2 protein chains.
Amino acid sequence: MDITRDTAPETNRSLPIALLRAREKVMGPIRAMLADVGVTEQQWRVLRVLAERGTLDPTEIADRSCLLMPSLTRILQTLTAKGLITREAHPTDKRRQLVSITPDGRQLIADNLKESQRLNAWLRESFGADKLDALLDLLNELDALDRDTRG
Amino acid sequence: MDITRDTAPETNRSLPIALLRAREKVMGPIRAMLADVGVTEQQWRVLRVLAERGTLDPTEIADRSCLLMPSLTRILQTLTAKGLITREAHPTDKRRQLVSITPDGRQLIADNLKESQRLNAWLRESFGADKLDALLDLLNELDALDRDTRG
DNA sequence: GCATTTTACTTAACATGTTAATGGCAAGGT
DNA sequence: ACCTTGCCATTAACATGTTAAGTAAAATGC
């Protein structure tokens with residue numbers, strides 16, 4: 001008597017698992033690229049955000065790079081030690097900090113952005129631009145769920 | 001909404017980030033449910049696989065639950081300590097083990113499966129069955145990329 | 001003005017992710 | 001039997017995920 005035999009979805013029909021596998025598929029090559037430079041996927045995300053938006057406070061970095069504050073705290077320490085970012089106190093609010101990317105950080109981005117885009121282009125061509133866009137739309141729509149109708 | 005067209009894609013058009021956010025959206029409620037029972041999302045996945053497929057060796061568990069072997073090793077230790085699984089030596093191959101779920105483990109599954117299905121149904125209704133299926137199809141297709149043309 | 005609450009960040013503790021190295025064992029070739 | 005090779009599982013080391021608690025400073029309320 002296996003209760004779960006009929007009721008539980010197969011793993012390929014399980015959204016969490018499917019998301020996990022898809023993410024691993026996409027991140028694999030990127031991680032390999034970044035490993036050569038000595039930064040992790042998350043550190044790369046933080047640097048990218050800083051390169052794109054300029055000086056930010058940790059809370060906004062966490063939001064934009066999809067990291068929780070405890071993780072970000074450690075990552076900022078690491079990136080500071082690597083000389084890829086700098087941190088200064090907020091002029092008026094002493095609780096806050098202002099984080100900026102250094103020239104070395106920008107250089108690291110520049111050195112890897114082309115390869116990153118190449119991988120992105122490969123995915124787009126290999127998977128299909130229409131499907132990729134459809135997938136992104138669905139994912140964003142899913143993420144936006146329950147933004148207003150939160151009972 | 002200021003979608004600036006820089007060299008780098010915005011985070012909502014970045015597939016890795018979009019996958020991350022979507023996964024967080026889906027897993028949040030499930031994690032909350034499991035936290036009440038004292039098991040993690042990954043431990044739940046392992047138990048589910050064992051409940052669905054019966055006795056398995058760690059390698060196959062890792063494959064089916066999308067876990068790397070080092071993670072699985074620790075998880076199996078934890079689950080054994082919790083009395084939710086049992087491990088025995090393989091009869092002919094002494095490198096392998098055979099892992100089975102215990103009655104307590106099955107009970108934990110049974111106690112939470114209904115709620116898990118309720119969350120699943122909510123997602124299906126809230127997001128739309130057609131869109132959910134389309135999303136799963138796209139994710140599976142993405143995961144299958146390069147499976148045959150690998151050389 | 002002062003106490004309370006909220007905010008921004010940090011720290012702690014535990015679990016997992018990730019890569020590399022290790023040890024025990026099996027399979028194949030000689 | 002011997003050696004090489006490969007496989008299974010574990011361990012190690014470091015980074016992150018996750019929740020809860022802690023610290024300092026700003027905002028709020030009385």
Side-chain angles (χ1 to χ4, degrees), chain A residues 16-17 19-21 23-24 26-47 56-63 65-82 84-85 87-99, chain B residues 16-17 19-21 23-25 27-47 56-63 65-82 84-85 87-99:
Chain A
I17 298 276
L19 290 168
L20 202 57
R21 290 200 171 121
R23 187 174 152 67
E24 188 50 37
V26 176
M27 282 313 302
I30 299 181
R31 253 205 303 273
M33 171 189 80
L34 295 177
D36 295 339
V37 207
V39 297
T40 67
E41 168 200 340
Q42 293 85 350
Q43 293 166 10
W44 171 255
R45 283 213 303 272
V46 170
L47 291 176
L56 296 175
D57 57 288
T59 297
E60 187 164 2
I61 297 175
D63 183 46
S65 60
C66 283
L67 292 167
L68 297 178
M69 283 302 298
S71 295
L72 184 61
T73 294
R74 292 175 298 211
I75 291 171
L76 292 181
Q77 290 167 351
T78 302
L79 290 178
T80 301
K82 289 182 177 179
L84 301 176
I85 64 170
R87 309 160 86 179
E88 50 184 332
H90 191 283
T92 67
D93 191 337
K94 293 185 179 177
R95 293 171 302 180
R96 294 200 212 170
Q97 306 168 15
L98 292 178
V99 183
Chain B
I17 298 276
L19 290 168
L20 203 55
R21 290 202 172 119
R23 188 174 152 65
E24 189 48 39
K25 172 70 67 173
M27 281 314 300
I30 299 182
R31 252 205 302 272
M33 170 190 82
L34 295 176
D36 296 337
V37 208
V39 297
T40 67
E41 167 200 340
Q42 293 85 349
Q43 293 166 10
W44 171 255
R45 283 214 304 272
V46 170
L47 291 176
L56 295 175
D57 58 287
T59 296
E60 186 164 2
I61 297 175
D63 183 46
S65 59
C66 284
L67 291 167
L68 296 178
M69 283 303 298
S71 296
L72 183 60
T73 294
R74 291 175 298 212
I75 292 172
L76 292 181
Q77 291 167 351
T78 302
L79 291 177
T80 301
K82 289 182 177 178
L84 301 176
I85 64 170
R87 310 162 85 179
E88 50 183 332
H90 191 283
T92 67
D93 192 336
K94 293 185 179 179
R95 291 171 303 179
R96 296 199 215 171
Q97 307 169 14
L98 291 178
V99 183

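Naming: A, B, ... by sequence-line order, numbering from 1 per chain. All values derive from a computational prediction rather than experimental measurement.
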*Could you pull out the closest heavy-atom pair between B/Gln42 and B/Ile75, with the gap in Å?*
CB-CD1, 3.7 Å
*For B/Ala32 and A/Lys82, take the nucleotide of DNA chain D holding the closest heavy atom to each; which residue's nucleotide lies nearer the 5' end?*
A/Lys82
*Whole-Å gap separating P (D/dC7) and CG (B/Asp57)*: 14 Å
_Without decimals, in angstroms, what is the distance between A/Leu84 CG and D/dA15 P?_
14 Å
*For B/Gln77, report the nucleic acid contact type (base, sugar-phosphate, nothing); a contact means any heavy atom under 4.0 Å.*
sugar-phosphate
*5'-most by nearest nucleotide on DNA chain C - A/Arg87 or B/Gln42*: A/Arg87
*Separation of A/Leu68 atom CG from C/dT10 atom C1', in whole Å?*
14 Å
_Side chain of A/Gln97 (C-beta onward), nearest among C/dC9, C/dG17, C/dT18_ = C/dC9
*Does A/Ser71 have a side-chain nitrogen or oxygen under 4.0 Å from the phosphate oxygens OP1 or OP2 of D/dG17?*
yes
*Measure the distance from CG on B/Leu34 to C1' on D/dT18 and round it to the nearest whole Å.*
14 Å
*Would you mind reading off the distance between A/Arg96 atom CZ and C/dC9 atom P, rounded to a whole angstrom?*
7 Å
*Could you state the atom-to-atom distance from CD of A/Glu60 to C1' of C/dC9 in whole Å?*
15 Å
*Might you point out which heavy atoms bring A/Ala62 and A/Met69 nearest each other, and give the distance in Å?*
CB-SD, 3.7 Å
*What is the distance from CD1 of A/Ile75 to C1' of C/dT18, rounded to the nearest Å?*
14 Å
*Between B/Leu72 and A/Leu67, which has a closest nucleotide on DNA chain D that is more 5'?*
B/Leu72
_Base of D/dC7 paired with side chain of B/Arg95 (donor-acceptor, under 3.5 Å)_ = yes
*Compare every heavy atom of A/Ile17 with every heavy atom of B/Ser65, then report the nearest pair and how far apart it is.*
O-CD1, 4.3 Å
*Of all the choices, D/dC8, C/dA15, C/dT19, which nucleotide is nearest to the side chain of B/Thr59 once you look at every atom?*
D/dC8
*Whole Å only: how far is the CE atom of B/Met69 from the P atom of C/dT16?*
14 Å
_Counting only side-chain heavy atoms from C-beta out, which of D/dA9, C/dC9, D/dA15 sits nearest to A/Thr40?_
D/dA15
*Report the distance from atom CG of A/Leu79 to atom CG of A/Leu47, rounding to the nearest 0.5 Å.*
5.0 Å
*Measuring from B/Leu56:CG to B/Leu98:CG, what's the distance to the nearest 0.5 Å?*
9.0 Å
*When you measure from the side chain of A/Pro70, which nucleotide among D/dA9, C/dC25, D/dT19 comes out closest?*
D/dT19
*Give a yes or no on whether a donor-acceptor pair under 3.5 Å exists between the nucleobase atoms of D/dG17, that is its base, and the side chain of A/Arg74.*
yes
